[in-house]
Amino acid sequence: MKLSVIGLGYLGAVHAPCMAELGHEVVGVDIDQAKIDTLSSGQAPFYEPGLPEILKSATASGRLEFTTNMSAVADTTVHFIAVGTPQKQGSHSADMTYVNAAIDALIPFLKPGDLVVGKSTVPVGTAARLAAKIRAAAPGAELAWNPEFLREGFAVQDTISPDRLVFGVAPEPTAGDWSAQTLRKVYAKALSEHTPLVVTDYATAELVKISANAFLATKISFINAISEITEVTGANITELADAIGYDTRIGRRFLNAGIGFGGGCLPKDIRAFVARAEELGRGESLNFLKEIDTINLRRRQHLVEMTIEALGGRAFQKRVAILGLAFKPESDDIRDSPALDIAVQLHGLGATVTATDPHAIHNAQQKHPQLSFVDSLAKAVEHADIVLLLTEWNQYRDMRPEELAPLVANKNIIDGRNVLDPTQWRRGGWNFQSLGRP
Ligand code: UDX
């Protein structure tokens with residue numbers, strides 16, 4: 001099939017080569033010329049495991065092209081909208097500027113028989129509004145909503161072999177059936193491997209995505225709230241999570257307590273969901289998500305306070321080593337990163353912050369040039385008064401107390417992700433603390 005992918009950020013830049021890998025002919029469109037140049041040369045514009053390989057093989061196959069020129073989509077029939085919906089400045093709602101602009105730019109090139117497929121996370125009601133607009137401006141073209149559930153760090157795998165597919169289609173049976181049929185062809189490989197498929201209406205498809213993220217955020221804040229109780233009772237949050245996680249109704253995943261969630265999705269999605277519920281007159285239904293957000297942000301504050309206490313009451317002129325800047329491992333994404341937030345707060349309190357990360361230094365430096373960045377764990381911890389593990393990259397999980405001991409000024413460490421073994425570090429003479437574990 002001939003497909004276009006409009007918007008080449010964390011979502012589109014993965015979706016486009018993955019679709020080409022599945023055998024489709026794909027054109028990727030973005031307004032950013034630098035990004036197009038990078039992608040056209042077969043390079044990934046951000047760190048994502050497996051993406052460089054798939055980009056190279058897809059561009060070499062001749063089935064994948066990138067351009068800033070929207071007219072290139074005229075030759076394709078299925079158009080994925082993959083632009084961002086960030087949090088609006090000064091508000092909690094989603095900024096729809098990019099989605100609206102993408103649809104406006106696409107409409108002049110639509111022909112009868114084309115299918116526009118929304119993948120961006122949008123406020124419920126968007127698809128119905130856009131479908132009406134497309135039908136009025138381009139008769140014979142249809143819209144479907146096909147939310148994306150990919151996780152950064154596993155984006156290629158999640159796109160080629162998703163754990164489920166959701167198609168939100170038009171309410172009219174003929175249009176709806178045709179749209180679902182078209183998407184079945186796009187995703188024929190995944191469907192042949194028995195990937196569960198839910199064909200539904202627009203509103204449900206939109207809500208599935210945002211509800212999934214709200215649920216994941218709730219799970220993380222739940223365990224973090226309980227960890228505040230384990231902290232004052234001497235209980236152990238990791239053992240508690242293991243024990244409740246054995247209940248298959250609960251499950252162990254997303255019950256890792258620590259400094260909480262960040263990234264380009266969970267934080268802004270729960271805020272946008274609350275804002276949309278309020279617009280719909282149902283604010284009270286999602287009020288609990290405000291508390292989920294508060295619990296999450298409180299974790300960062302808590303770690304800052306623990307650090308000051310471990311430093312004897314003040315951070316001023318103390319040397320703080322920060323391990324990890326990305327919002328999670330296997331990503332260079334620093335959007336709403338708890339680690340970076342903590343680094344910036346401690347710098348603001350007068351600490352001498354030295355930060356490192358295997359892949360996120362460049363992005364962090366651009367956003368916060370006031371911090372000092374070094375390219376290795378050893379350099380980061382040199383003469384440190386305290387070491388903070390904030391993103392659980394494997395090299396930080398695997399570090400050993402005896403390796404760090406000769407480098408630091410004081411053997412203080414806080415494990416913000418509960419991945420180190422307290423006994424091992426204490427045995428090495430370290431003042432070791434983590435979140436929610438004795
Ligand atoms: C998320 C959803 O998982 C994905 O389905 C959706 O499409 C986009 O949003 P992502 O933003 O890549 O994906 O990150 P995710 O793996 O969900 O992690 C989010 C944050 O939660 C990270 O900061 C992570 O460190 C944190 N987290 C995760 C915890 O603090 N504890 C956990 O147990 C799990």
Side-chain angles (χ1 to χ4, degrees), residues 87 92 152 213 216-232 237-238 254-271 274 289-311 313-316 318 320-329 331 333-357 360 363-364 367-368 370-371 373 380 384-393 396 412-420 433-437:
Q87 188 173 329
H92 277 177
E152 287 175 31
N213 278 354
L216 294 172
T218 302
K219 227 178 153 183
I220 299 168
S221 275
F222 170 82
I223 202 69
N224 280 332
I226 302 296
S227 83
E228 296 179 346
I229 306 299
T230 61
E231 258 165 34
V232 293
I237 196 63
T238 305
F254 272 68
L255 284 183
N256 294 324
I259 54 172
F261 59 80
C265 292
L266 262 46
K268 65 111 176 149
D269 283 356
I270 59 172
R271 291 171 199 151
V274 171
L289 286 178
K290 292 184 185 166
E291 194 57 35
I292 297 306
D293 199 7
T294 306
I295 294 166
N296 189 52
L297 296 176
R298 196 157 68 217
R299 301 313 287 162
R300 304 174 185 191
Q301 215 47 51
H302 183 51
L303 196 122
V304 169
E305 284 158 16
M306 283 170 75
T307 306
I308 295 170
E309 206 186 303
L311 289 171
R314 60 186 199 130
F316 187 66
K318 294 287 169 65
V320 179
I322 304 270
L323 307 183
L325 293 160
F327 84 104
K328 70 172 191 182
S331 170
D333 193 349
I334 53 149
R335 287 176 294 171
D336 210 340
S337 164
L340 188 54
D341 189 359
I342 289 165
V344 169
Q345 284 195 51
L346 287 166
H347 173 83
L349 291 169
T352 307
V353 172
T354 307
T356 190
D357 187 285
N363 287 342
K367 185 138 187 250
H368 292 290
Q370 75 274 27
L371 303 178
F373 300 96
D385 292 306
I386 192 161
V387 177
L388 307 180
L389 190 168
L390 301 182
T391 312
E392 68 279 33
W393 289 93
Y396 307 150
N412 278 319
I413 185 162
I414 304 180
D415 173 5
R417 293 293 183 179
N418 288 345
V419 290
L420 301 176
Q433 294 183 74
S434 52
L435 300 182
R437 296 189 296 173

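Position 1 is the first residue of the sequence; numbering continues from there.
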- Query: Taking only residues two or more places apart in sequence or in another chain, which ones pass side-chain hydrogen bond (donor to acceptor under 3.5 Å, both in side chains) with N296?
  - Reply: none
- E152 backbone acceptor or donor facing K328 side chain under 3.5 Å: yes
- For R300, salt bridge (charged side-chain N to carboxylate O under 4.0 Å, His left out) partners two or more places apart: D336, D341
- Query: Would you say D357's side chain and G324's backbone share a donor-acceptor pair under 3.5 angstrom?
  - Reply: no
- Value for CD1 (I334) from CG (N363), rounded to nearest 0.5 Å, stands at 5.0 Å
- Message: If I compare all heavy atoms of I322 with all of L325, which pair ends up nearest, and what's the gap?
- Response: CG2-CD2, 4.4 Å
- Message: Restricting to side-chain hydrogen bond (donor to acceptor under 3.5 Å, both in side chains), what partner residues turn up for E291, sequence neighbours left out?
- Response: none
- Message: Test of understanding: with salt bridge (charged side-chain N to carboxylate O under 4.0 Å, His left out), list the residues that count as partners of R299, not counting sequence neighbours.
- Response: E228, E231
- Query: Sequence neighbours excluded, which residues qualify as side-chain hydrogen bond (donor to acceptor under 3.5 Å, both in side chains) partners of S221?
  - Reply: none
- Query: Is there side-chain contact between T307 and K318, with at least one heavy-atom pair below 4.5 Å?
  - Reply: no
- CG-CG distance between D385 and L311, expressed to the nearest 0.5 angstrom: 6.0 Å
- Message: For Q87, give me all partners under side-chain hydrogen bond (donor to acceptor under 3.5 Å, both in side chains), at least two apart in sequence or on another chain.
- Response: R271
- How long is the span from the CG atom in L255 to the CD1 atom in I237, to the nearest 0.5 Å? 8.5 Å
- Query: With distance as the sole test, does T391 use its side chain to make a donor-acceptor pair with the main-chain N or O of W393 at under 3.5 Å?
  - Reply: no
- Would you say K290 and V274 make side-chain contact, with heavy atoms under 4.5 Å? yes
- I292 versus A217, closest heavy-atom pair with distance: CG2-O, 3.6 Å
Which atom pairs, donor and acceptor, lie under 3.5 Å between side-chain atoms of residues 256-270 and protein residues at least two apart or in another chain?
{"from": "N256", "atom 1": "OD1", "to": "R252", "atom 2": "NH1", "distance (Å)": "3.0"}
{"from": "N256", "atom 1": "OD1", "to": "R252", "atom 2": "NH2", "distance (Å)": "3.3"}
{"from": "K268", "atom 1": "NZ", "to": "T85", "atom 2": "O", "distance (Å)": "3.0"}
{"from": "K268", "atom 1": "NZ", "to": "T85", "atom 2": "OG1", "distance (Å)": "3.1"}
{"from": "D269", "atom 1": "OD2", "to": "N213", "atom 2": "ND2", "distance (Å)": "2.8"}

- Task: Return the minimal non-hydrogen interatomic distance between L390 and R417, and the atom names on each side.
- Result: O-NE, 3.0 Å
- Message: With rounding to the nearest 0.5 angstrom, report the CG to CE distance, N412 to M306.
- Response: 11.0 Å
- Message: Under a 3.5 Å distance rule, please check whether T230 uses its side chain to pair with a backbone N or O of G436 as donor and acceptor.
- Response: yes
- Message: Minimum heavy-atom separation for L323 and A380, please, with both atom names.
- Response: CD2-CB, 4.1 Å
- Query: In chain order, what residues pass the side chain to side chain contact (heavy atoms under 4.5 Å, CB included) check against F316, with sequence neighbours excluded?
  - Reply: R314
- Note on the structure: CG (N224) and CD1 (I229) are apart, to the nearest 0.5 Å, by 12.0 Å
- Considering non-hydrogen atoms only, spot the tightest contact between A339 and A326 and give its length. CB-O, 4.3 Å
- Message: Taking the side chain as everything from C-beta on, heavy atoms only, tell me whether R437 gets closer than 4.5 Å to N418.
- Response: yes
- Message: Just to verify, what does K367 make a salt bridge (charged side-chain N to carboxylate O under 4.0 Å, His left out) with, not counting sequence neighbours?
- Response: none
- With sequence neighbours excluded, what pairs up with A225 under the side chain to side chain contact (heavy atoms under 4.5 Å, CB included) test? I295
- Message: Does any part of the side chain of I413, heavy atoms only, come nearer than 4.5 Å to the side chain of I386, both counted from C-beta?
- Response: no
- Item | side chain to side chain contact (heavy atoms under 4.5 Å, CB included) partners for H368, two or more places apart | L340, V344, Q370, L371
- Query: Measuring from I414:CD1 to L389:CG, what's the distance to the nearest 0.5 Å?
  - Reply: 11.0 Å
